Amino acid sequence: MSYRTEEVAYVQPAQPAAAAQAAQQQRSTAEYRALDAAHHIHPFSDMGSLNRSGSRVIVKAQGVYLWDSDGNKIIDGMAGLWCVNVGYGRKELADAAYRQMQELPFYNTFFKTTHPPVIELSALLAELAPEPFNHFFYCNSGSEGNDTVLRIVHQYWATQGKHSKKFVISRKNGYHGSTIAGGTLGGMGYMHEQMPSKVENIVHIDQPYFFGEAEGNLTPEEFALARAQQLEAKILEIGADNVAAFIGEPFQGAGGVIFPASTYWPEIQRICRKYDILLVADEVIGGFGRTGEWFAHQHFGFEPDLITLAKGLTSGYVPMGAVGLHDRVAKAIIENGDFNHGLTYSGHPVAAAVAVANLKLLRDEKIIDRVKTDTGPYFQKKLRDTFANHPIIGEISGAGLVAGLQLAEDPKARKRFANGGEVGTICRDFCFNGNLIMRATGDRMLLSPPLVINKLEIDEIVSKAKKAVDATAQQLGIS
Ligand code: PXG
């Protein structure tokens with residue numbers, strides 16, 4: 001996949017911006033774009049190209065909708081960046097931040113101090129997470145969460161007297177963030193190329209991407225098993241005494257919503273247990289309801305030793321990340337002296353207060369239950385019914401409110417487009433121009449809407465996605 005920014009020509013609005021919006025807005029779109037181009041460097045972007053085409057300026061949001069500076073109303077099929085689980089505009093979260101800023105805007109959690117919001121959040125997470133997760137360490141992002149994971153894993157094995165256990169095994173096309181540690185753990189070659197150096201002792205095995213990588217007549221279950229068994233081969237190659245942990249996203253998010261068959265995770269877990277290797281689930285996208293369970297590892301039925309959390313923890317309203325420690329790991333960290341790791345904003349009171357308000361909404365409004373029993377199954381069925389036998393859709397992956405649509409030249413033969421990324425970009429641009437936000441990863445189109453989406457809004461997303469995919473097929477001359 002590629003994050004590189006391609007030039008996107010945004011459609012001009014059919015009507016001038018509404019007067020009310022113009023009154024609130026400080027500047028015209030042209031002014032915003034000029035200043036943005038002059039002073040702002042965007043993440044994962046080709047700035048020359050972006051500055052020539054101009055960014056879309058998002059000025060407000062409510063529920064599952066965004067508005068841009070030209071007054072266009074856009075349905076957000078990506079929950080911001082896989083994070084706005086409770087949807088936009090929830091006053092409860094704004095109130096929590098406002099109250100906390102007045103009461104105690106900041107205090108640290110170093111030097112024998114703590115504060116009510118971080119205490120409440122930790123107790124609430126322990127209540128909501130599966131039984132063995134009762135301890136949480138805080139940071140500001142998923143990347144920092146995975147950096148923290150490496151520190152915990154290292155300290156854990158030190159406390160067990162197993163100092164040679166240093167290698168961490170990860171997967172190609174996995175995504176674990178963009179700090180040096182997160183980027184090294186991830187399997188994106190184009191990120192590795194731009195790093196000054198990489199974290200030592202991290203190696204990658206192949207991903208369980210059936211549509212793109214299965215050869216011969218393997219069933220999805222056989223293929224997933226074979227990919228899981230690469231972990232065993234890698235451990236034997238390195239030596240179990242040298243391997244500390246395996247990390248994976250329960251389903252790969254940024255890598256294309258790759259859902260492994262049911263045989264994958266039980267086999268990974270069996271291998272980790274057999275060779276005494278910690279199993280880390282990166283739940284940054286999967287956590288907090290995306291699949292209809294609180295955590296995606298529950299959907300796949302395995303028990304990790306550590307979980308990385310971010311995004312949906314605060315629904316993206318303020319930055320926060322965390323690592324959840326299985327009792328077994330927590331005990332070793334707690335009982336063995338100093339753990340020399342921390343960030344100024346570890347457990348930030350405002351972020352923690354917002355997280356508590358967010359988690360209470362998810363729990364008390366039964367938002368995740370609805371994803372599991374109602375909106376999730378509806379979304380998955382609607383996509384499968386709508387794209388059944390579509391000439392360029394090869395596979396639909398996902399569960400709950402996350403989905404990946406594989407664009408393919410010959411769906412039945414599992415033949416992908418030669419220039420996959422280009423086709424994805426064409427389709428993504430049709431989505432943009434139809435006022436639907438849908439992400440393209442190479443030749444897979446991704447959806448991950450806010451978890452509060454209703455059925456009418458799901459219908460709107462799916463029909464807009466269908467129009468964009470049809471237009472893509474038409475442009476390619478395929479019918
Ligand atoms: N782990 C996973 C599984 C992620 O998806 C991170 C860690 C890093 O989190 P932070 O908060 O440091 O960004 C992520 C982030 C995309 C996209 O385009 C996905 C992410 C971030 C940016 C873009 O799909 N995921």
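Remember, it's 1-based here, ligands and their atoms both numbered in the order they're listed. The chain is numbered in sequence order, starting from 1. This is a predicted model, so every value here is computed, not measured.
- If you check the side chains of S315 and R90, you find no donor sitting under 3.5 Å from an acceptor.
- Salt bridge annotation for R363-E127: present, with a cationic side-chain nitrogen under 4.0 angstrom from a carboxylate oxygen.
- Taking every heavy atom of I285 and a limit of under 4.0 angstrom, the matching atoms of ligand 1 come to 5 (O).
- Note on ligand 1: Q252 sits outside its first shell, no heavy atom being nearer than 4.0 Å.
- Remark: the R151 side chain and the Q155 side chain contain no N/O donor-acceptor pair separated by less than 3.5 Å.
- At a 4.0 Å heavy-atom cut-off, ligand 1 touches L81 through the side chain alone.
- Polar contact with ligand 1: absent for H176 (N/O pair, distance under 3.5 Å).
- Neither side chain, Y156 nor D305, offers a donor N or O lying under 3.5 Å from an acceptor on the other.
- Shown in contact with W82 at under 4.0 Å from a heavy atom are these atoms of ligand 1, numbered in order with element: 16 (C), 17 (C), 19 (C), 24 (O).
- Residue K311 places at least one N or O, backbone or side chain, under 3.5 Å from an N or O of ligand 1.
- Taking the ring axis of F210 as reference, the NZ or CZ atom of R414 stays within 45° of it and closer than 6.0 Å to the ring centre.
- Note: F339 and F137 have perpendicular aromatic rings, judged against thresholds of 30 and 60 degrees for the angle between ring planes.
- Atom NE2 of H154 has 12 or fewer neighbouring heavy atoms from other residues, nucleotides or ligands inside a 6.0 Å radius.
- Here is the list of ligand 1 atoms found below 4.0 Å of a heavy atom in S141: 11 (O), 12 (O).
- When each atom of ligand 1 is checked for a heavy atom of D282 under 4.0 Å away, the hits are 1 (N), 2 (C), 3 (C), 7 (C).
- Y65 and E460 are linked by a side-chain donor-acceptor pair at a separation below 3.5 angstrom, with hydrogens and angles left out of the test.
- When non-hydrogen atoms are compared, ligand 1 lies under 4.0 Å from the backbone of A254 as well as from its side chain.
- Taking every heavy atom of N146 and a limit of under 4.0 angstrom, the matching atoms of ligand 1 come to 1 (N), 7 (C).
- Each of the atoms 3 (C) of ligand 1 lies under 4.0 Å from some heavy atom of E249.
- Around the NE2 atom of H115, the shell of radius 6.0 Å holds more than 12 heavy atoms that belong to other residues, nucleotides or ligands.
- Ligand 1 does not have F44 within reach: every non-hydrogen atom of the residue lies 4.0 Å or more from it.
- When each atom of ligand 1 is checked for a heavy atom of R439 under 4.0 Å away, the hits are 16 (C), 18 (O), 24 (O).
- Distances below 4.0 Å separate heavy atoms of S143 from the following atoms of ligand 1: 8 (C), 9 (O), 10 (P), 12 (O).
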